[in-house]
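As structure tokens, the structure follows; a few thoughts come after it.
Only a predicted model underlies this, so the values are computations on that prediction, with no experimental measurement involved.
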Amino acid sequence: MIEIQMTGLVKEFEVGRRVLDGFSLQVDSGERVGLLGRNGAGKTTIFRILTGQVEPDEGTVATAPGKRLGLISQIPVYPPQDRVQDVLERAFAPLRELEAELGRLAAQMGQDSSPQVLERYDALSAAFEARGGYDTQTRLNKVCNGLNIDAEMRQRLFSALSGGEKTRINLARLILEDTDILLLDEPTNHLDLKATEWLEEYLEQFSGTVLAISHDRWFLDKVVKRVVEVHDGKAELYSGNYSFYVEEKERRYQERLRQYEKEQAKIAQLEQAAQQMRLWAFQGNDKQYRRAIHMERRIERMRTTDKPTRERKLTARFGEREFHGDEAVVITGLSKSFGGRELFSGVNLEVAGGERIALLGDNGAGKSTFLKILLGEEPADGGTVYLGPSIRAGYLPQIIHFDRPERNLVDTMLYAQNCSTQQARDRLAAFHFRGEEVFKPVSALSGGEQSRLRLCMLMDSRINLLILDEPTNHLDIDSREWIEQAVAEYGGNLLFVSHDRYFIEKFADRIWMLEDGGITDFRGTYREFRAWRERRAQGKVAPKQAAPTPELPKEKPRRPGGTKELEKQVRAAERAVEKAEVRLDELSQEMEQAACDYLKLQELYQQREELEDELARLYTQWEQLAAQLEEARG
């Protein structure tokens with residue numbers, strides 16, 4: 001059954017600039033569709049047309065009759081006295097009306113027990129039960145738990161919440177309304193990992209239709225079954241999830257490129273033939289002249305295919321400073337409380353050269369505060385942070401601030417960096433700020449554009465510790481890939497906070513999970529961390545294995561660095577082996593102390609066996625790297 005039908009939609013907000021130019025799409029019942037495209041491509045306009053907020057200039061829109069449609073991008077305005085609980089309860093307004101009608105009929109039956117009244121009461125009672133009227137509180141608690149809406153938040157005024165919190169409450173209300181068609185506009189932007197995973201599980205079980213705008217590639221892979229890219233105002237269809245879309249888009253590009261090159265070769269051949277015919281025509285052969293004219297017209301008809309293009313890749317890279325020493329960062333006994341609540345205490349961590357660490361945790365857990373303490377921008381309540389003497393940090397904050405937002409982009413670069421006007425324009429162009437756009441004031445940029453500008457300025461600094469706080473927030477997929485290119489080319493230490501699981505999986509070889517007032521230190525990728533958490537939740541992993549053996553960080557794509565890069569890897573391997581050997585000695589001592597505790601001894605014995613296997617692997621890696629270094633030195 002067709003639930004949404006859009007045909008030939010055209011929408012123009014500025015004269016001569018069509019956001020939508022013949023957009024057509026059909027969505028069937030129960031489909032999971034992802035709507036992709038660059039910021040400004042027209043995705044949100046499509047949602048507004050579907051909900052009747054915007055009228056198309058041309059084209060038609062139809063939704064299946066009787067289907068309820070809900071959108072989460074727009075947050076309704078509620079009375080100022082409404083609490084969060086009141087907003088959530090609004091989802092059950094139709095059920096409350098039904099309940100009130102049942103109450104009136106029950107009272108009426110005391111005086112009038114006619115068949116019509118009894119029949120009406122039975123029908124409404126069945127409808128009330130079928131729509132979940134008797135378990136509204138259970139559903140409310142389940143959704144609130146999944147989206148981290150605790151009892152304290154439910155009593156707060158809705159008007160006093162942040163934009164992100166309002167979005168989360170609105171999403172909860174929409175889910176509770178049991179809508180038939182869900183329109184989700186960046187649903188994961190203000191959700192932490194736990195809430196995002198809960199939403200994904202909910203959507204898997206949701207029986208209705210989902211149309212989602214999202215730049216969260218992990219979410220798109222997990223949820224959608226079909227991708228629609230809005231490109232040049234039209235719909236390009238891909239029958240798979242995000243990973244399929246990436247591969248299929250590249251395949252289509254290569255196919256168009258081959259077709260274009262084939263046409264160009266044919267055109268070149270015909271042009272050469274036409275030129276020869278004209279030469280013969282100059283010798284008085286009118287027939288050859290007519291053939292040349294005919295062939296040139298044919299060539300013009302063939303020139304309709306434009307050369308396929310794709311987005312330019314990022315051409316800038318971080319200026320790096322070489323790291324010297326064993327430890328880049330040493331954190332000892334770190335503690336911090338805020339507003340009477342303890343964020344973390346007794347945190348002890350060490351960071352070696354070249355490690356790439358993701359700092360994860362729920363919203364409000366204290367991740368940004370932790371980063372600011374490392375940078376010296378926020379005092380700790382207790383403990384110390386030591387940065388190696390050769391460490392120079394670069395920081396991209398979550399909330400971008402410019403001291404002089406009235407300056408244009410070029411002047412901002414000139415005042416902040418030691419460069420010429422041409423160098424400033426070249427660097428801005430590398431980050432896709434081109435033409436007249438570079439003379440816009442910084443205050444006119446979107447949040448994503450400001451992040452891009454700050455990153456552009458940051459890349460000019462020579463750093464060896466890069467700290468990023470939600471670097472991909474509010475960025476479209478193209479912009480996220482630009483940042484990923486820069487990070488992939490960067491060879492120094494990396495510490496970042498992110499809810500973008502695609503980004504985390506791509507770059508983290510170590511996970512710090514901030515929860516319950518402490519940090520769980522896990523050496524491995526995000527997928528490995530999730531698998532380990534699942535095993536621990538099932539009781540298959542002892543709690544003390546939260547930080548498995550120190551190991552050589554997984555090798556990430558880095559620029560060729562000759563013997564210097566190999567020397568860094570050999571030193572990292574040596575440190576990993578040393579730490580594993582130290583831990584092995586510690587385990588032996590702990591086993592002696594636990595000689596009378598059978599359960600504890602078994603746990604330690606299991607850890608020692610795993611550590612010995614890991615140590616053997618580390619020795620092999622060390623030997624291989626050392627051999628490569630010797631060969632490179634030749």
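- Of all the heavy atoms in R38 and K43, the pair that sits closest is O-NZ, 3.1 Å.
- Of the possible donor and acceptor atoms, none in the side chain of N464 sits under 3.5 Å from a partner among the backbone N and O of A393.
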Name the atoms and distances for all side-chain donor-acceptor pairs under 3.5 Å in residues 205-214, with sequence neighbours left out.
unit_1, atom_1, unit_2, atom_2, d
T209, OG1, E3, OE1, 2.6
T209, OG1, G30, N, 2.8
S214, OG, D216, N, 3.0

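- For CZ of F338, the number of neighbouring non-hydrogen atoms (other residues, nucleotides, ligands) closer than 6.0 Å is 12 at most.
- N141 and R154 share a side-chain donor-acceptor pair at under 3.5 Å.
- Smallest separation of non-hydrogen atoms from E355 and E350: OE1-O, 4.1 Å.
- Remark: F344 pairs with F370 by the ring-ring contact (aromatic ring centres under 6.0 Å, His included) rule, at least two apart or across chains.
- Distance alone, capped at 3.5 Å, is enough to place a donor-acceptor pair between the E528 side chain and the T525 backbone.
- The main-chain N or O of R527 is found under 3.5 Å from a side-chain atom of E505 such that the two form a donor-acceptor pair.
- No side-chain donor-acceptor contact under 3.5 Å links R173 to the backbone of V87.
- Of all non-hydrogen atoms in L71 and N170, the two that sit nearest each other are O-ND2, 4.1 Å.
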Next on the checklist: Does L183 form a side chain to side chain contact (heavy atoms under 4.5 Å, CB included) with T51? I'd like the steps, not just the answer.
Outcome noted: CA-CA 9 Å; L183 303 181; T51 54; 3.8 Å; yes
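- Side chain of R217 to backbone of S243: no donor-acceptor contact under 3.5 angstrom is found.
- A donor-acceptor pair is defined here as one N or O able to donate and one able to accept, closer than 3.5 Å; no such pair exists between the side chain of D509 and the backbone of G524.
- The ring-ring contact (aromatic ring centres under 6.0 Å, His included) search around Y242 returns Y245, not counting sequence neighbours.
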Checklist entry - Do R530 and W532 pass the side chain to side chain contact (heavy atoms under 4.5 Å, CB included) test, and can you show the C-alpha distance, the side-chain angles, and the key distance before you say yes or no? => result CA-CA 5 Å; R530 291 181 72 214; W532 172 79; over 6 Å; no
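- E437 is linked by a salt bridge (Lys or Arg N to Asp or Glu O under 4.0 Å) to nothing, counting only residues two or more places apart in sequence or in another chain.
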Item to check | H499 vs T188, side chain to side chain contact (heavy atoms under 4.5 Å, CB included): CA-CA, chis, key distance, verdict | outcome: CA-CA 9 Å; H499 292 143; T188 64; over 6 Å; no
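- Heavy-atom minimum distance, L176 versus L88: CD1-O, 4.2 Å.
- Partner I331 forms a side-chain contact (heavy atoms from CB on, under 4.5 Å) with one of I373, N348, V347 and no other, that one being V347.
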Checklist entry - Step by step, would you call L453 with I400 a side chain to side chain contact (heavy atoms under 4.5 Å, CB included)? => result CA-CA 10 Å; L453 176 59; I400 306 296; over 6 Å; no
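- Remark: K249 is not positioned above the aromatic ring of Y238, lacking an NZ or CZ atom under 6.0 angstrom from the ring centre and at most 45 degrees off the axis.
- Using the six-membered ring where Trp is involved, F496 and F503 have ring planes that are perpendicular, over 60° apart on the 30 and 60° scheme.
- E515 is linked by a side chain to side chain donor-acceptor pair (under 3.5 Å) to R533, counting only residues two or more places apart in sequence or in another chain.
- Here the closest non-hydrogen pair linking N241 and L220 is CB-O, 3.9 Å.
- Between the side chain of R407 and the backbone N or O of F402 there is no donor-acceptor pair closer than 3.5 Å.
- Judged as a salt bridge (Lys or Arg N to Asp or Glu O under 4.0 Å), and not counting sequence neighbours, the contacts of R480 are D500.
- A 6.0 Å sphere centred on NZ of K142 holds no more than 12 heavy atoms belonging to other residues, nucleotides or ligands.
- For K372, the side-chain contact (heavy atoms from CB on, under 4.5 Å) test picks out E377, E378, Y395, with sequence neighbours left out.
- Under a 3.5 Å cut-off, the side chain of D469 and the backbone N or O of L396 do not form any donor-acceptor pair.
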Tell me which donor-acceptor pairs under 3.5 Å the side chains of residues 191-201 have, and how far apart each pair is, sequence neighbours excluded?
unit_1, atom_1, unit_2, atom_2, d
D192, OD1, N148, ND2, 3.2
D192, OD1, K194, N, 3.4
D192, OD1, A195, N, 2.9
D192, OD2, N148, ND2, 3.0
D192, OD2, N363, N, 3.2
K194, NZ, D362, OD2, 3.2
T196, OG1, D192, O, 2.9
E197, OE2, Y526, OH, 3.2
E200, OE1, R501, NH1, 3.0
E200, OE2, R501, NH1, 2.9
E200, OE2, R501, NH2, 2.4

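- Listed by chain and residue number, nothing satisfies the salt bridge (Lys or Arg N to Asp or Glu O under 4.0 Å) test with E186 (two or more places apart in sequence, or in another chain).
- Residues passing the side-chain contact (heavy atoms from CB on, under 4.5 Å) test with P441, sequence neighbours excluded: S443, A444.
- Residues satisfying the salt bridge (Lys or Arg N to Asp or Glu O under 4.0 Å) test with R425, not counting sequence neighbours, are none.
- Contacts of D232 classified as side chain to side chain donor-acceptor pair (under 3.5 Å), with partners at least two apart in sequence or in another chain: none.
- A side-chain donor-acceptor contact under 3.5 Å links K336 to the backbone of P379.
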